[in-house]
Number of protein chains: 2
Amino acid sequence: MKPAALTWAISSSLPSLRKSERKVAEFILANLTNVIRMRIVDLAEKAEVSEPTVVRFCRAVGCEGFQDFKLALAQQLASSPSYGQIAVTDQDSVAEYTFKVFDSTVDTLLKVRDSLDLKMLDQAVQALCVANRVEFYGFGASAAVATDAQHKFFRLQVSAAAYADPHLQNMSAASMAPGDVVIAISQSGRTTTLINAMERVKSRGAIVIAIAPSDSPVANAANIPLTIDVKEDFQIYTPLSSRIAHLVLIDVLAIGVAQHKGGRLQEHLLEMQLGLEVLREPLENH
Amino acid sequence: MKPAALTWAISSSLPSLRKSERKVAEFILANLTNVIRMRIVDLAEKAEVSEPTVVRFCRAVGCEGFQDFKLALAQQLASSPSYGQIAVTDQDSVAEYTFKVFDSTVDTLLKVRDSLDLKMLDQAVQALCVANRVEFYGFGASAAVATDAQHKFFRLQVSAAAYADPHLQNMSAASMAPGDVVIAISQSGRTTTLINAMERVKSRGAIVIAIAPSDSPVANAANIPLTIDVKEDFQIYTPLSSRIAHLVLIDVLAIGVAQHKGGRLQEHLLEMQLGLEVLREPLENH
DNA sequence: ATTTTTCTGTAAATTATTTACAATAAAGCT
DNA sequence: AGCTTTATTGTAAATAATTTACAGAAAAAT
């Protein structure tokens, strides 16, 4: 059983469970972290059922037995640090906030990974593979994401550009043609200027891919929406991890394109690597 | 016991273990993934020791008993996907490479998190807190990181700039003064131009923080080196996750600064939030 | 209302883990 | 070197946990 799917398996099989098994499920969902250290007797007592019922429950959600279930649960919890909430406080030490920032980022990435629409992603990759040129639009924090994306696609021998300036964006949009692709990146999903540019691009017959929250104007304005929802408490001490999710999603697109381009690309990358070498300090030999 | 530290605890306590306990440790390290599904009898047999020895070993590495040990190990393995190797292949489906890209990024982040020098990090935060102005230097992929960092620090009411152009970088470097801080970002750690700019900044009496691989010329040229080592197979199909690690590290620095700045910042961020709102589409009410 | 089926718990058996102790090996001492 | 002491390991027993088999109860169907 894939660990990440366990709590989901529990919740989704809730209706099909027997009455007393459901008691077990409910108790477990309400006490995820404690359950992994419980013995079957304790759990049975707390859930007010008999021990065999617990075992039956474990089998019902696809595990071998109680031990196997606990193991799977422990793994899922370890891979989703969110279950213990992460929020940096005033009193945190360096070590504490460092861990929290990293953990919350990891948490975001895992959640995004599990919520992606793979069909859309595939469509996006297909579109990018046959594109004549690819441009990235983004403002604010997304401008950096666009720059990064441009750099990444450039390495893949795709003619790529990134615009953070509304004027340039609109000028570029006006020059788009069928066979071109624009990737619009927005964290809020509600940037008016960006939506205008997107409409213009669509009217020119080019394809617009959006990386934005679901149900947002930006996502809705796209031909291929890639939706990413990160609950972003806009408190200061909460780091903005949606940027990172956007970047990783673009990595996925790039990998998809690289895969399609296949072998010839490898040579190109090697050449580029060698080209960069002249700008560097020699490697020490120790 | 903190799960992430388990295998480390095992390896590091190897010398202090007794002969037969070491047999257990060695077997476990060589069979991490299998061990979590083993019973104590199997493990004892495979490691050619008695069952109590296994229990003694578990206690020696800081666990309550065998069960507790297995749980901790399972959690650690779940939180480090790397133990099953991640490399995108030609035949991977969208789902496969998507997961691999996300997982390898997560893996990188967790490794970096555990290898950071927190003392240096604290020094960097201290320096940034009292800085008059902060500038970010980076080329290539690190240029996007620098842009992102600039944006992030700007939000924290720090006068920040980012330069990806060697000329601008050098001009800026020449205008540095004591009390200023430069953060030099490099994935290779060997960019000659960057090192020159760093030397110039240092000669002006400003502080240079480097984000670069350890033992690299860039790291060595800094007053405060923040070292990040990501084993980056320069194969095409391996995503560049060191960028992401750099970004997250900068998040940490930003959080550190935000924490020091304390309450007044909160108001500022709220104001800025409201300011951005006029550039956006209205929120739908559904 | 009775039969059949499904569900749940009791009690027993199995299996796993841990403890107590004894034997052995290693180290220290005279 | 030989004896004593201490440390290490395994054997066997006890404890504890999980699972199975079965029977009783509840629900559904006839």
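The shown structure was predicted, so the numbers you read here are calculated from the model rather than taken from an experiment.
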Taking side-chain contact (heavy atoms from CB on, under 4.5 Å) as the definition, give me every residue that meets it alongside [X], ordered by chain and number, with sequence neighbours left out.
X: B/A95; result: A/L118, B/S93
X: B/S214; result: B/T227, B/D229
X: B/S20; result: B/V49, B/T53

Mind calculating the distance between [atom1] ([X]) and [atom2] ([N]) to the nearest angstrom?
X: A/R39; N: D/dT18; atom1: CZ; atom2: P; answer: 7 Å
X: B/L71; N: D/dA17; atom1: CG; atom2: P; answer: 15 Å
X: B/K70; N: C/dT17; atom1: NZ; atom2: P; answer: 6 Å
X: B/E48; N: D/dG10; atom1: CD; atom2: C1'; answer: 14 Å
X: A/E45; N: D/dA17; atom1: CD; atom2: C1'; answer: 15 Å

Residues two or more places apart in sequence or in another chain: which of them pass salt bridge (Lys or Arg N to Asp or Glu O under 4.0 Å) with [X]?
X: A/R59; value: none
X: A/D117; value: none
X: A/D122; value: none

Just the table, please: protein N/O against nucleotides 19-24 of chain D N/O, every pair under 3.5 Å.
residue: D/dT19; atom: OP2; partner: A/F66; partner atom: N; Å: 3.3
residue: D/dT20; atom: OP2; partner: A/R59; partner atom: NH1; Å: 3.0
residue: D/dT20; atom: OP2; partner: A/R59; partner atom: NH2; Å: 3.2

Between B/F66 and B/F57, is the ring centroid distance below 6.0 Å?
no
Could you list all N or O pairs between the protein and nucleotides 5-8 of chain D that sit under 3.5 Å apart?
residue: D/dT8; atom: OP2; partner: B/R18; partner atom: NE; Å: 3.4
residue: D/dT8; atom: OP2; partner: B/R18; partner atom: NH2; Å: 3.3

Does B/D42 have any side-chain hydrogen bond (donor to acceptor under 3.5 Å, both in side chains) partners at least two apart in sequence or in another chain, and if so, which?
B/R39
Which sits closer to the 5' end of DNA chain C, A/E21 or B/M38, going by the nucleotide each is nearest to?
A/E21
Would one find a side-chain N or O of A/T53 under 4.0 angstrom from OP1 or OP2 of C/dG9?
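For C/dG9, OP1/OP2 do have a side-chain N/O of A/T53 under 4.0 Å.
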